[in-house]
Amino acid sequence: MSWNDERVELLKKLWQDGLSASQIAAELGGVTRNAVIGKVHRLGLSGRVKSPTPSLAPRRPRATPQHSQPRPRFATQGNVALAPTPVALPSPMPHQEAEVMPFSCERVTIMELRECMCRWPLGDPSRSDFRFCGSKTNPGAPYCDYHARMAYQTVSERRRERRAAAG
DNA sequence: CCCTGATTCGC
DNA sequence: GCGAATCAGG
């Protein structure tokens, strides 16, 4: 679907009528709300009832292109999700969050690790004091509840936390 | 989690 | 110019 005059006119009308971008997209058909918003901006009719001083709140520039690479995901081996050990995988939060826990872990060695114990790594795997969390896991789960949240954190959760941390 | 508009940037 | 991915928020 392309933006012919007819569709652009309808877009303008619906936008001025106060419909949301997704509603307009549904009305037009063949386009997403992103397409509608993008078109609205290019037409220069954004800011319907916005603040009279848009320059006061310039949008923060993007840090670096995020969509050039897929987000790092934890690898899996067989049925078991591997924790992000510093050996093969980039640690999700290198300086923060790695050692800080709301409870004290069992701190078990690999020999003491059992099926029902959390496999979250603690410390440097190349060192002899390397341990696993070892807290109780739910049946079949590789991590305890706390570390499962870290390992399987969703994008929105991560965003929410980042935002909360930034203030 | 559902949604909103705003922005960037590869295409 | 287009719009998906993303951001920032309600």
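Each chain gets a letter, A, B and so on, in the order the sequences are listed, and its residues count up from 1. Remember, predicted model here, so these are calculated numbers, not experimental data.
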- Message: Do Trp15(A) and Trp3(A) land in one hydrophobic cluster if side-chain heavy atoms of ILVMFWY residues count as linked below 4.5 Å?
- Response: yes
- Message: In whole Å, I'd like the distance from the CD atom of Gln23(A) to the C1' atom of dC3(B).
- Response: 11 Å
- Trp3(A) vs dG3(C): side-chain N/O to OP1/OP2 distance below 4.0 Å: yes
- For dC2(C), does OP1 or OP2 lie under 4.0 Å from any side-chain N or O of Lys39(A)? yes
- Query: In whole Å, what is the span from the CG atom of Leu14(A) to the P atom of dG5(B)?
  - Reply: 12 Å
- Is there a donor and acceptor pair, one atom on the side chain of Arg33(A) and one on the base of dG3(C), closer than 3.5 Å? no
- Starting from P on dG1(C), measure out to CG on Leu11(A) and report it in whole angstrom. 15 Å
- Task: Please examine the side chains of Leu10(A) and Ile24(A), heavy atoms only from C-beta on, and report whether any two atoms are closer than 4.5 Å.
- Result: no
- Item | Whole angstrom value for the distance that separates C1' of dC9(B) from CG of Asn34(A) | 13 Å
- OP1 or OP2 of dC2(C) less than 4.0 angstrom from a side-chain nitrogen or oxygen of Ser2(A), does that happen here? no
- Message: Distance check needed: dC3(B) P versus Ile37(A) CD1, whole Å only.
- Response: 13 Å
- Task: Using atom CZ of Arg7(A) as one end and atom P of dG1(C) as the other, report the distance to the nearest whole Å.
- Result: 18 Å
- Task: Any chance you could lay out the side chain to side chain contact (heavy atoms under 4.5 Å, CB included) test for Phe132(A) and Met117(A), step after step, and finish with the verdict?
- Result: CA-CA 9 Å; Phe132(A) 293 93; Met117(A) 299 168 91; over 6 Å; no
- Phosphate contact (dT4(B) OP1 or OP2) by Ser20(A) side-chain N/O below 4.0 Å: yes
- Residue Ala21(A), side-chain heavy atoms: nucleotide from dG5(B), dT4(B), dG3(C) that is nearest: dG5(B)
- Item | Whole angstrom value for the distance that separates P of dG3(C) from CE of Met1(A) | 11 Å
- Query: Roughly, in whole Å, what's the span from CZ in Arg42(A) to P in dG1(C)?
  - Reply: 8 Å
